[in-house]
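First comes the structure, then the notes that go with it.
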Number of protein chains: 2
Amino acid sequence: MALTRDDVVDAAVRLLAEVGLEGLSLRRLARELGVSAPTLYWHVADKRTLLDHVAERLLVDQWHVTPPAPGEDWADWLRERATRQYRALVTHRDAALVVAGNRPTEAAMPAVEQVLGTLVGAGFAPTQAFAAIQAVGNLVIGSALEYQAERERDTAVDASEGTAHDAARFPQHAALTAVLADRSEHGADHEALFRHGLELMIAGLRVQLGDAVAPA
Amino acid sequence: MALTRDDVVDAAVRLLAEVGLEGLSLRRLARELGVSAPTLYWHVADKRTLLDHVAERLLVDQWHVTPPAPGEDWADWLRERATRQYRALVTHRDAALVVAGNRPTEAAMPAVEQVLGTLVGAGFAPTQAFAAIQAVGNLVIGSALEYQAERERDTAVDASEGTAHDAARFPQHAALTAVLADRSEHGADHEALFRHGLELMIAGLRVQLGDAVAPA
DNA sequence: GTAGCGTCTCTAACACCGTTAGAGGAGGGG
DNA sequence: CCCCTCCTCTAACGGTGTTAGAGACGCTAC
């Protein structure tokens with residue numbers, strides 16, 4: 001059976017996980033497929049558009065449009081969606097970089113529509129809902145990107161000097177590291193950090209909606 | 001006079017503005033400086049570290065540590081800082097990409113310390129302050145990145161088909177575009193969009209501070 | 001049966017990339 | 001005068017994305 005574009009994209013995703021974005025070359029990909037490099041150009045216009053397809057593949061799970069359960073709080077629903085999206089990025093190597101450079105495709109439309117509708121249904125003005133989606137999306141990609149960049153840096157530098165800074169010059173840092181000391185290793189809870197930011201944003205959305213600041 | 005590393009970084013910044021990250025090659029940079037390509041390796045270890053220096057140069061204006069004016073609200077101060085940072089990224093071509101892949105340098109420490117101190121002074125716990133900085137930073141870079149990616153896409157695709165979607169299938173979008181119609185062109189107010197997200201986050205911080213200070 | 005055609009893959013090559021090896025000129029200090 | 005350090009050079013290596021163009025396979029039509 002002849003090669004399919006889906007085969008190419010699949011292999012690209014696998015190879016991306018294995019060697020990262022830097023190591024993902026068309027020649028290497030072709031070798032993986034047992035094919036010569038120019039052959040790929042029959043299936044794909046361009047490396048860039050190949051990466052667009054890869055990005056789409058990485059996010060495709062997110063596009064099962066799942067409306068909120070009846071009676072479910074819009075905030076809970078939104079938090080769940082955003083967290084899923086974050087996880088999808090973070091669990092695939094260099095996914096944030098690939099997705100960031102991506103042209104959005106038609107396929108994402110129903111998902112956006114779904115979120116838009118839910119927020120409007122919750123009482124937001126359409127422009128507010130739109131801005132909220134954008135804001136949450138930007139937070140997600142920024143967080144994922146920063147985490148993955150840091151992760152890659154660490155594996156690259158490996159034995160860098162410890163972060164022994166001058167406690168006198170940077171007292172706030174000193175206080176912080178004391179508090180952070182009893183957490184696990186480097187950037188242990190990147191997801192917790194992301195969720196903290198997400199929580200701030202959701203709280204802001206609640207305020208915007210005019211909800212009583214609920215919990216007491 | 002012999003070439004300096006600062007000369008190289010300067011030229012790299014200029015060239016980046018001119019041809020973008022894709023077009024920024026060492027050979028091209030060397031030509032710009034009237035020098036052969038391997039010469040650059042005497043001044044700079046690596047292309048990657050060159051980009052680190054470029055990133056630092058791009059952000060250096062942000063590191064004038066300006067404490068809040070006496071009586072100034074911490075939120076106003078924070079908003080101002082974040083907006084400045086966003087502008088610094090957005091006004092330099094591909095700056096978000098360069099900065100995102102960057103190793104943070106020692107030089108950024110005093111600025112972080114300043115923000116940390118201000119937030120703690122306003123009543124946040126150190127870990128809250130830390131998470132807040134991270135969250136705002138991620139929002140800034142995510143927003144800048146997305147905007148610049150979109151901008152580059154537009155110049156690349158130029159005459160794409162209009163966004164004439166099926167209003168029946170996507171009613172929320174239809175309502176939105178109707179509202180958005182009387183704004184100026186494509187992504188007119190990216191900064192307003194960013195500030196909307198920032199405002200949400202600051203509102204969330206306010207809520208958090210209320211909880212922390214006066215747990216009802 | 002064979003001519004044609006679309007589908008898929010190939011080899012060869014182009015222009016460019018980051019990077020290394022190693023030679024050499026220019027200037028100052030002993 | 002010699003040496004040494006700064007700074008720049010040419011030559012080259014192995015890689016990259018991408019194009020040109022030839023050719024093999026299978027189907028369909030005459």
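Looking only at side-chain heavy atoms (C-beta outward), B:N138 and A:F194 stay at 4.5 Å or farther from each other. Considering only heavy atoms from C-beta on, B:T66 comes within 4.5 Å of B:R81 through its side chain. With contacts defined as side-chain heavy-atom distances shorter than 4.5 Å, the pair B:L205/B:W74 qualifies.
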- Message: Protein within reach of the bases, or only the backbone? For nucleotides 14-21 of chain D, mark each nucleotide 5' to 3' as B, S or -, using heavy atoms under 4.0 Å.
- Response: --BBBB--
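One atom, CG of A:D7, and another, C1' of C:dT9, lie 15 Å apart when rounded to the nearest Å. Rounding to whole angstrom units, CH2 of residue B:W42 and C1' of C:dT19 are separated by 18 Å. For B:L29 and C:dG18, the CG to C1' distance is 13 Å, given to the nearest whole Å. Counting to the nearest Å, the C1' atom of C:dT7 and the NE2 atom of A:H43 are 9 Å from each other. If you measure from atom CG of A:L3 to atom C1' of C:dC10, you get 14 Å, rounded to the nearest angstrom.
Every pair passing side chain to side chain donor-acceptor pair (under 3.5 Å) that includes a residue from residues 87-99 of chain A is listed here, sequence neighbours excluded: A:R87-A:E191.
Under 4.0 angstrom from either OP1 or OP2 of C:dT9 there lies no side-chain N or O belonging to A:S36.
Between the side chains of B:T4 and B:D7, at least one donor N or O sits under 3.5 Å from an acceptor N or O.
Around atom CZ of A:R84, no more than 12 heavy atoms belonging to other residues, nucleotides or ligands sit under 6.0 Å away.
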